[in-house]
Colleague: 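Provided herewith is a single structure, encoded as structure tokens, for subsequent inquiry.
Just so it is clear, the structure is predicted and the values come from calculations on it, not from any experiment.
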Amino acid sequence: MSAGMEILDAHRILGRLPHAEGVPTPADLLGELDRLGIDRAAVVASWDLYGDPRDADEYERRTAPFGSTDRLTRVAVHIPGHPFSPVPLGAPLVRLAPVLHRFDPLGPAADASLSSLAEHATAVSLDATEVGLGAIAQLVRRHPALKILVLNPGYRDLLTVAELLGPTVWIESGTLIASGAIEWLAETAGTDRIVFGSGAPLRDAAGARHTLEMLELPEDARRLIAAGNWERLVATR
């Protein structure tokens with residue numbers, strides 16, 4: 001990477017995990033980012049993703065920043081139709097987990113939430129390994145104004161991923177680990193559709209960071225993937 005190039009990891013989890021070793025505190029996460037040469041991260045709290053929203057003392061605590069640092073951007077978690085999970089219209093990014101949280105992403109409750117998020121230009125993220133690229137494609141057709149970040153797309157479905165990408169769809173780079181995969185996708189679908197992310201600690205942050213380091217792309221393209229495309233994704237207008 002060129003000196004002075006900002007890097008933002010758009011897919012991080014903070015906190016203890018049900019079946020894997022997590023990163024317990026913001027300080028621990030900042031230490032990991034420093035070791036990897038990553039400036040900032042968009043972070044979902046494990047207690048939001050895997051916990052019951054009724055367990056939180058108040059909604060404000062669940063959406064508060066992670067301490068005083070501006071290096072960690074908190075990603076909201078939303079469960080459409082849940083009485084303790086209001087639509088987080090002020091969040092920079094909203095994580096949806098239909099299988100984990102047992103809701104139909106194409107059902108009426110999700111339709112209402114996604115319509116509100118699209119109206120407010122609030123982006124959502126969905127894990128392709130959870131819901132499948134086909135379901136995400138249906139959401140794109142149903143909500144054409146909704147900004148979507150596809151997590152964990154995998155390198156074996158590059159053709160499907162390329163067809164899915166468009167003006168409102170971005171892809172996370174972390175699982176595009178095959179040699180030349182990101183370069184091919186950048187040439188086919190556009191560099192402005194790819195966002196750097198690792199999926200850590202469930203996935204290997206060092207591998208994702210190394211892949212970013214070794215990209216054979218022009219400097220302006222690498223800057224877009226490293227952080228610039230994230231800024232466009234979360235821009236409210």
Side-chain angles (χ1 to χ4, degrees), residues 9-20 22-26 29 41-67 72-132 135-152 168-170 172 195 197 199-202 230 233-237:
D9 187 339
H11 185 197
R12 272 278 182 164
I13 302 176
L14 172 67
R16 303 190 182 280
L17 299 171
H19 306 295
V23 181
T25 70
L29 179 51
V43 184
V44 63
S46 64
W47 54 92
D48 289 342
L49 188 59
Y50 298 104
D52 187 333
R54 294 174 297 182
D55 292 341
D57 294 333
E58 54 183 329
Y59 176 69
E60 288 75 14
R61 184 176 70 81
R62 289 191 280 117
T63 56
F66 295 120
L72 305 179
T73 297
R74 188 159 187 173
V75 176
V77 175
H78 176 54
I79 307 173
H82 196 295
F84 290 90
S85 183
V87 183
L89 298 178
L93 181 66
V94 177
R95 177 72 181 271
L96 300 175
V99 175
L100 180 63
H101 295 148
R102 300 182 181 181
F103 69 85
D104 181 358
L106 301 172
D111 269 348
S113 290
L114 295 177
S115 295
S116 295
L117 291 165
E119 182 179 353
H120 288 79
T122 302
V124 304
S125 61
L126 290 140
D127 189 333
T129 63
E130 180 189 20
V131 299
I136 295 174
Q138 291 184 65
L139 286 176
V140 173
R141 291 191 292 270
R142 184 171 293 200
H143 300 277
L146 180 68
K147 297 189 294 183
I148 299 175
L149 174 61
V150 181
L151 307 175
N152 299 322
T168 60
V169 182
W170 286 259
E172 180 219 343
V195 174
L202 293 177
W230 162 263
L233 170 69
V234 301
T236 55
R237 287 289 179 247

Colleague: Tell me, please, which residues at least two apart from Asp111 pass salt bridge (Lys or Arg N to Asp or Glu O under 4.0 Å).
Modeller: Arg142
Colleague: For the residue pair Leu17 and Pro201, what are the closest heavy atoms and their distance?
Modeller: CD1-CG, 3.6 Å
Colleague: Would you mind reporting whether Thr168 and Pro144 have side-chain heavy atoms less than 4.5 Å apart?
Modeller: no
Colleague: With heavy-atom distances below 4.5 Å as the criterion, would you say the side chains of Leu139 and Leu106 are in contact?
Modeller: yes
Colleague: Can you give me the closest heavy-atom contact between Val169 and Val150, atom names plus distance?
Modeller: CG1-CG2, 4.0 Å
Colleague: Of all the heavy-atom pairs spanning Val195 and Ala10, show the shortest one and how long it is.
Modeller: CG1-CB, 3.5 Å
Colleague: When you compare the side chains of Ser113 and His78, does any donor N or O come within less than 3.5 Å of an acceptor on the partner?
Modeller: yes
Colleague: So which heavy atom on Thr122 is nearest to which on Leu89, and how close?
Modeller: OG1-O, 3.2 Å
Colleague: How many angstroms lie between atom CG of Asp127 and atom CD1 of Ile136, to the nearest 0.5 angstrom?
Modeller: 8.0 Å
Colleague: Please evaluate residues Arg95 and Asp48 with respect to the criterion salt bridge (charged side-chain N to carboxylate O under 4.0 Å, His left out), reporting the C-alpha separation (whole Å), side-chain torsions for both, the decisive distance (0.1 Å), and the verdict.
Modeller: CA-CA 10 Å; Arg95 177 72 181 271; Asp48 289 342; over 6 Å; no
Colleague: Determine the minimum heavy-atom distance between Leu93 and Leu149, stating which atoms define it.
Modeller: CD2-CD2, 4.3 Å
Colleague: Does Glu119 form a side chain to side chain contact (heavy atoms under 4.5 Å, CB included) with Leu117? I'd like the steps, not just the answer.
Modeller: CA-CA 5 Å; Glu119 182 179 353; Leu117 291 165; over 6 Å; no
Colleague: Would you please test Leu114 and Leu96 for side chain to side chain contact (heavy atoms under 4.5 Å, CB included) and show each step?
Modeller: CA-CA 10 Å; Leu114 295 177; Leu96 300 175; 3.5 Å; yes
Colleague: If you look at every heavy atom in Pro88 and Val94, which pair is closest and at what distance?
Modeller: CG-CG2, 3.6 Å
Colleague: Calculate, to the nearest 0.5 Å, the distance between atoms CG and CG belonging to Asn152 and Leu126 respectively.
Modeller: 11.5 Å
Colleague: Answer whether the closest heavy-atom distance between the side chains of Tyr50 and Arg16 falls below 4.5 Å.
Modeller: no
Colleague: Would a distance-only check, ignoring hydrogens and angles, find a side-chain to backbone donor-acceptor pair under 3.5 Å from His11 to Val44?
Modeller: no
Colleague: Is there a side-chain contact between Leu72 and Arg12 (heavy atoms, below 4.5 Å)?
Modeller: no
Colleague: With a 3.5 Å distance limit and no angle check, can you tell me whether Ser85 reaches the backbone of Gly81 through a side-chain donor-acceptor pair?
Modeller: no
